Amino acid sequence: MPKLTVNGIEVEVEDGSTVLHACEEAGVEVPRFCYHDRLSIAGNCRMCLVDMERAPKPVASCAMPAGEGMVIRTDTDRVKKAREGVMEFLLINHPLDCPICDQGGECDLQDQAMGYGFDSSRYEENKRAVEDKHMGPLISTTMTRCIHCTRCVRFATEVAGVPELGAIGRGENMEITTYLEKTLASELSANVIDLCPVGALTSKPYAFTARPWELNKTESVDVMDAVGSNIRVDARGSQVMRVLPRLNEDVNEEWISDKTRYAIDGLRRQRLDRPFIRGRDGKLAPASWDEAFATIAAKLKKAKPNAVAAITGDQCDAESMFALKTLFDKLGSASIDCRQDGAKIGGVRAGYLFNSTIAGIDEADALLIIGSNPRIEAAVLNARIRRNWLATRMPVGIVGPEMDLTYDAEQLGDDAATLAAILDGKSKFAAKLKRAKKPMIIIGMGALARADGAAMLGQAREIAEAYGVVNGDWNGFNVLHTAAARVAGLDLGLTPGRGGLDVAAMYKAADAGKLDLVWLQAADEIDAARFEKTFTVYQGHHGDAGAHVADVILPGAAYTEKDGIYLNTEGRVQYAARAAFPPGEAREDWTIIRALAGHMGINLGFDSLAELREEMFELAPHFAEQDEVKAARWAKFGSKTKIASAPVATAHETFYMTCPVSRASETMGQCLMALQADAARDAAE
């Protein structure tokens, strides 16, 4: 580890570090535009110039490897003049449009110009103008502001795996552009907005709606997928204006998916803001909370406990699921299920967790993906897989349909016989798993939500045990969920008890007229038509599929409108915070259940969120350990029944519209249409 001196302070840095890293270690701030910790080094903005002893001229600290005995100065007159000269060149062609620039207040160029810029310009020539580029419905471009840092180009190529951005021309004719002038075909594309140090790339949906100092900023957790990306929710009044990524090295680093960032306009559309009751004419009519509770209570009192069931949705917080389970326990019903897609998981915890953790992807040296498309189902997690593949050329095998991933993958087949061939060693990929020291399996809901999902899970476990996927302190057997609420629901026991019905059995009971009441807690990814003959209570925040068949609607709060606990696919406990209030008469979900129980004279054992959490922590103590992952003990799970010959599919066919919030989002609809239009044009050509 080299030791060097920065401004008279001796520091020691890791091998492979740069002078810029050494300066940061010494607590010295060095300005930069092109350098970014997670991207390759470009060294083209020259803003990070420093003086190095015995060097004839200032050196770019971002590109200079730190060496033993180096003496670095960042506070000399030569460094100051060099940086001021660089800033003067950067501002030659930059338009003077800070008052109308959407990046104003969050612009690196603006901030650094305060420290290194002049109050006048020596140049009288006309400023260079560049035509704006089309990058789709998410990214607004003003390319005259571009300073050619190439951060966006490097992100698209290296992280997103979609090399559609680049530079054309030379000298003053150089331009950053999409080569074919079409939408960036990446689920992570909008991260270039955060990376852009000027106002060249800004958010198109957010443009000119608010300034950063007007917004209340709340740290929270995303529920658009099961990765649990850490986010910051910026709200003005009762309206969520934007979502930005929050740093968490173990989960999402500093990236978020486009759906996480832009589906929020769906929070303003198709919302449920008051209770409704379906009248004798078959139409829903507004009602008071007391009327809604009285209607439900009357049905529950008449219904037999074994004829009452509940399904919880994919975006429920742990508190609301715990409250509903407590109510149904008091009612004597064991028919409750958090697996609305019918996934055959539960029981043994190691059989439904991403056991290696998301950060553990970096350690894998072979990967088998079964019934999952990580690019669509967990875009940020997929970026980690790509990074590992770029660094190590890790072999990746896929059991499922052909898919366009951002790394090379070997298509092994999409039928059940493929898994048997791998287990028996007859597949070519079996040898690659055998040679690997830390092999990994990722099995998705496309395999587990089948009727024979338990058998698929069991055979995947056998493969893991046969090829050392679980050995010593390494557990590479991973289940990739698509539902943010699924792990918390399974940990809290929201699966049928003795004599209880799962979702498939609820459908059959409803068809046979043996189900008196079904409670849908934000459950919209179901075959709602099957419950048309059953008295249905829908508790949720959007008028989606579940609300259409409901006899009583109880308006709840969306994920940005309540405090809640979520466990991501790896079982990491994360706390979300309320950034805005629910619309109209909508209430937080656990309070609705508590109020109904009080109306029926049932004591749930809690009257506040703190009391509820205390009860929940007794049932599942690890819920109290924020940002921690409790490792699961390996055991037998799955079944050995016969696997059907049906092809293995994936959970989602498209990325943009997968839940009530994203389906109500106009922006997500525009993205889907733009993608389809580009695909149609490519096919025509």
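As a basis for the values below, the full set of heavy atoms in this structure was taken, side chains included, without hydrogen atoms, waters or symmetry mates. Here the structure is a predicted model, which means the values were calculated and not measured.
- Here the straight-line distance linking atom CD of Glu253 with atom OG of Ser229 works out to 10.5 Å at 0.5 Å rounding.
- The 12-atom threshold is not exceeded at CD of Glu402, counting heavy atoms of other residues, nucleotides or ligands nearer than 6.0 Å.
- A cation-pi geometry, defined here as NZ or CZ lying under 6.0 Å from the six-membered ring centre and within 45° of its normal, does not hold between Lys259 and Tyr656.
- Considering every non-hydrogen atom in both Ile100 and Phe208, the closest pair reads O-CE2, 3.3 Å.
- Heavy-atom minimum distance, Ala82 versus Pro58: CB-CG, 4.3 Å.
- Salt-bridge annotation for Glu172 and Arg128: absent, with no side-chain N of the basic residue lying under 4.0 Å from a carboxylate O of the acidic one.
- The pair Lys133-Glu175 meets the salt-bridge criterion, with a side-chain N (NZ, NE, NH1 or NH2) lying under 4.0 Å from an Asp/Glu carboxylate O.
- Between the side chain of Asn7 and the backbone N or O of Thr74 there is at least one donor-acceptor pair closer than 3.5 Å.
- Within 6.0 Å of CG in Asn126 there are 12 or fewer heavy atoms belonging to other residues, nucleotides or ligands.
- Within a 6.0 Å radius of CE in Met174, more than 12 heavy atoms belonging to other residues, nucleotides or ligands are found.
- Pairs passing the ring-ring contact (aromatic ring centres under 6.0 Å, His included) check and including a residue from residues 79-127, sequence neighbours excluded, do not occur.
- For residues 117-127, every residue pair satisfying the salt bridge (Lys or Arg N to Asp or Glu O under 4.0 Å) rule, not counting sequence neighbours, is listed here: Glu88-Arg122.
- For the pair Arg387 and Trp389, the NZ or CZ position fails the cation-pi test of under 6.0 Å to the six-membered ring centre and within 45 degrees of the ring normal.
- With salt bridges taken as basic N to acidic carboxylate O contacts below 4.0 Å, one links Glu254 and Arg38.
- Seen from the ring of Tyr206, Arg242 counts as a face-on cation partner, given the 6.0 Å and 45° thresholds.
- Crowding of Met1 atom CE: a count of heavy atoms from other residues, nucleotides or ligands under 6.0 Å exceeding 12.
- Checked against ring-ring contact (aromatic ring centres under 6.0 Å, His included), Phe155 has the following partners two or more places apart in sequence or in another chain: Trp255.
- Residue pairs meeting the salt bridge (Lys or Arg N to Asp or Glu O under 4.0 Å) criterion with at least one member in residues 12-36, sequence neighbours excluded: Glu24-Arg32.
- Counting only residues at least two apart or on different chains, the salt bridge (Lys or Arg N to Asp or Glu O under 4.0 Å) pairs with a member in residues 215-233 are Glu219-Arg246, Arg232-Asp234.
- Salt-bridge formation is not detected for the pair Lys182/Asp678: no Lys NZ or Arg NE/NH1/NH2 atom is positioned less than 4.0 Å from an Asp or Glu carboxylate oxygen.
- Taking the salt bridge (Lys or Arg N to Asp or Glu O under 4.0 Å) definition, one finds that Glu377 meets it with nothing, sequence neighbours left out.
- Between Met47 and the options Val86, Leu109, Ile147, a side chain to side chain contact (heavy atoms under 4.5 Å, CB included) holds for only Val86.
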